[in-house]
Amino acid sequence: MEDSKGLWKIKYESDLFPEFGREIAASPGGENIFSCIQCGTCSGFCPLSLYMDYTPRRIIAMTRAGFKEEVLSSSMIWMCASCYGCTVECPKEIKITDVMYALKQRAIKEGVYPRRFLVPILAHSFFKSVWKHGRNTESHLIVSMYMKSNPFKMLTQSLLGMKLWLKGRMGIMTDSIRDKKSLQSLLQAVKKIQNGKAH
Amino acid sequence: MRYIYYPGCSLKGTGRAYEESVLAVFRALELQFEELDDWNCCGATAYMAIDELQAFTLAARNLALAEKQFADEEEVNIIAPCSACYLVLMKAQHYIEEYTEIGDQIRSALKECHMEYEGRIRIRHPLDVFVNDIGLEKIKSLVRKPLDGLRVASYYGCQMVRPYKVFDHHYSPTTMDDLMRALGAKAVDWSLKTRCCGGSLTGTIEQVGMRLSFILLNEAQKRGANVIATSCPLCQFNLECYQGSMNRKFNGSVDLPAAYFTQLMGMAYGISNRELGLQRLFVPMTSQFSKKEGYQHVGV
């Protein structure tokens, strides 16, 4: 973490969030992060690590040390494409992909993800569509993602959309389930149970 | 044995050709199946980034519906052709069992809505069903127009083989290669069979996502493949639909059809191109076949 003068920023213990690591460790799949031996197998296997600001190994080290701000605002957690290579290879059986999910959820909850990233916007559009219709219609999802982020981008993508439509691979009608009421009450029920446990 | 077929959202949209060819092959193999009634989104990876418990609940509704539909079966086999659906449904099952708190919360929410998940479900990928339930012998016996000498690079993608090891190896699976050989094709030996295709990153962080697919296509092409066989709608989309932009961006020359493995099966069985959705491919299969002598029956 270099500052504007090119100097390495020093982080003091009092600047950290010591409980952050324990909170992530308490989420499902995160239980083993404190037994990480920092071997770097995950970063070696990750096909995306060379495009990331921090590698998976560093993210785990930073998470348990309490570097909450740096971890949650990093682009790395959004770059994980969930191929589960690290999870399978980890000698300490840490479910690294699931740790990334826990970090994504936390970043969305705290609203600290990098603004220019489309991944959280896509996730939100997806979430809304499924909540409303029970299924997602790919064409609607993509249009709503670009409308919320960068409408100009849609123009460059419209050619691809057109081609898909001509090949019969892009429906315009909304796909939805019959019994939407029961699905919504199911989701509401689980939300209520979850909130009840939290308070 | 009877199966429940779970299509998932992609197979009704960009992956329509996958559904068409999967069903055509099911019929050719005389597989007994029913579509899951009123199925909903599996809870895919995007949903999981927002709320994991809700994502698992979505999956659990599908599992409960399947048990209801096949109420008299001891074990309900669900076929999920999309690798993401396949994994998410299976992951939900594992988490409901492994984490009692998640299991209790989901079970009581289902109960409130007069539903129940008992745990009689087994999630299957069609590749697994074809090779392990039906068997290569029968698959071979139905071949009418063998894919003589066609060089196929089998691409498994990630979520079908990871993190759960169900029917094949995490990094060097061979099931699809065996299947292709049974159809008369040549299986291309390559090491990127399960390397990530970029997933949804091709739409969100384009530069990076496209590069991952580009690496796969380039390697398959270098190994002399005529076609890449895929088993997931997202992999197929990534590998096929961006070839033009990739070549411009990375100064490459990839030009390789990416077909569903079920389309190749259907072709070997002599099923018509239209029934297999071959006309929906962006990079047509014809160009590859015209290079091969004595293989005239494909004309898309």
Side-chain angles (χ1 to χ4, degrees), chain A residues 27-29 47-48 51 75 78-79 81-85 87-89 95 97 101-102 104-105 108 117-127 129-130 134-139 142 145 157 160 163-164 167-171 175 177-179 182-183 185-187 189-194 197, chain B residues 9-10 12-17 38-41 43-54 57-58 61 87 95 98-99 101-102 105-106 108-110 112-113 115 158-159 162-163 165 170-171 194-201 203-205 207-209 211-212 241-242 279-282:
Chain A
S27 54
L48 285 147
Y51 310 105
S75 66
W78 300 105
M79 229 178 245
S82 318
C83 80
Y84 292 90
T87 303
V88 165
E89 285 307 313
K95 296 177 182 162
T97 313
Y101 277 121
K104 284 176 199 175
Q105 288 157 19
I108 285 184
F117 265 42
L118 285 175
V119 193
I121 299 170
L122 174 74
H124 262 293
S125 303
F126 191 97
F127 183 85
S129 159
V130 173
R135 291 182 191 167
N136 91 71
T137 312
E138 289 160 332
S139 49
I142 290 168
M145 176 179 89
Q157 295 290 327
L160 177 62
K163 269 160 85 185
L164 285 169
K167 295 271 183 193
R169 289 168 65 169
M170 186 80 104
D175 203 3
I177 63 170
R178 264 196 332 271
D179 201 354
S182 96
L183 180 76
S185 54
L186 178 66
L187 290 173
V190 84
K191 208 171 157 190
K192 220 173 69 196
I193 294 167
Q194 192 178 19
K197 283 259 162 74
Chain B
C9 306
S10 285
K12 300 286 179 191
T14 50
R16 248 177 95 181
D38 209 32
W39 57 270
N40 57 267
C41 164
T45 43
Y47 209 105
M48 224 172 255
I50 307 243
D51 193 316
E52 204 166 42
L53 186 66
Q54 278 190 33
T57 310
L58 283 169
R61 178 178 181 269
L87 172 63
Y95 271 59
E98 274 170 44
Y99 298 93
E101 199 183 338
I102 292 181
Q105 288 177 342
I106 291 176
S108 49
L110 283 171
E112 254 181 63
C113 299
M115 292 173 97
C158 42
Q159 303 196 335
R162 290 192 300 260
K165 196 172 184 168
H170 285 318
Y171 287 103
T194 67
R195 196 182 197 268
C196 178
C197 70
S200 56
L201 292 180
T204 50
I205 313 172
Q207 281 284 354
V208 175
R211 169 141 333 240
L212 292 193
C241 297
Y242 296 102
Q279 78 282 4
R280 299 190 198 283
L281 295 180
F282 278 18

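The sequence lines fix the lettering, A, B, ..., with proteins before strands; numbering per chain opens at 1.
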Contact summary for [X] and [Y], nearest pair of heavy atoms:
X	Y	value
B:A44	A:F126	CB-CZ, 3.7 Å
B:A109	A:I193	N-CD1, 3.6 Å
B:L201	A:W78	CD2-O, 3.9 Å
B:A49	A:Q105	O-CG, 3.1 Å
B:P163	A:V88	CA-CG2, 3.8 Å

Is the backbone N or O of [Y] less than 3.5 Å from a side-chain atom of [X], with the two atoms forming a donor-acceptor pair by type?
X	Y	result
B:R16	A:G168	yes
A:Y51	B:G209	no
A:R135	B:C9	no
B:Q159	A:S82	yes
A:D179	B:D38	no
A:E138	B:T14	yes

Between [options], the one whose heavy-atom pairs under 4.5 Å with chain A are most numerous:
options	value
B:Q207, B:K165, B:E98, B:Q54	B:Q54
B:I50, B:T57, B:N40	B:I50
B:Y95, B:W39, B:Y99	B:W39
B:E52, B:R211, B:R195, B:K12	B:E52

Out of [options], return the one with the most heavy atom pairs under 4.5 angstrom to chain B.
options	value
A:S75, A:P120, A:G134, A:A81	A:G134
A:L48, A:T97, A:I121, A:V190	A:V190
A:T87, A:I108, A:L122, A:V130	A:V130

Once rounded to the nearest 0.5 Å, what's the spacing between atom [atom1] of [X] and atom [atom2] of [Y]?
X	Y	atom1	atom2	answer
B:R61	A:S182	CZ	OG	4.5 Å
A:Q194	B:D51	CD	CG	5.0 Å
B:C41	A:N136	SG	CG	6.0 Å

Quiz item: Is it the side chain or the backbone of B:Q105 that comes within 4.5 Å of chain A heavy atoms, both, or neither?
Solution: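 Both parts, backbone and side chain.
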Quiz item: With a 4.5 angstrom heavy-atom cut-off, which part of B:I102 approaches chain A: side chain, backbone, both or neither?
Solution: side chain
Quiz item: Does NZ or CZ of A:R169 come closer than 6.0 Å to the centre of the six-membered ring of B:F282, within 45° of the ring's axis?
Solution: yes
Quiz prompt | A:K192, part contacting chain B, at a heavy-atom distance under 4.5 Å | solution =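 Side chain only.
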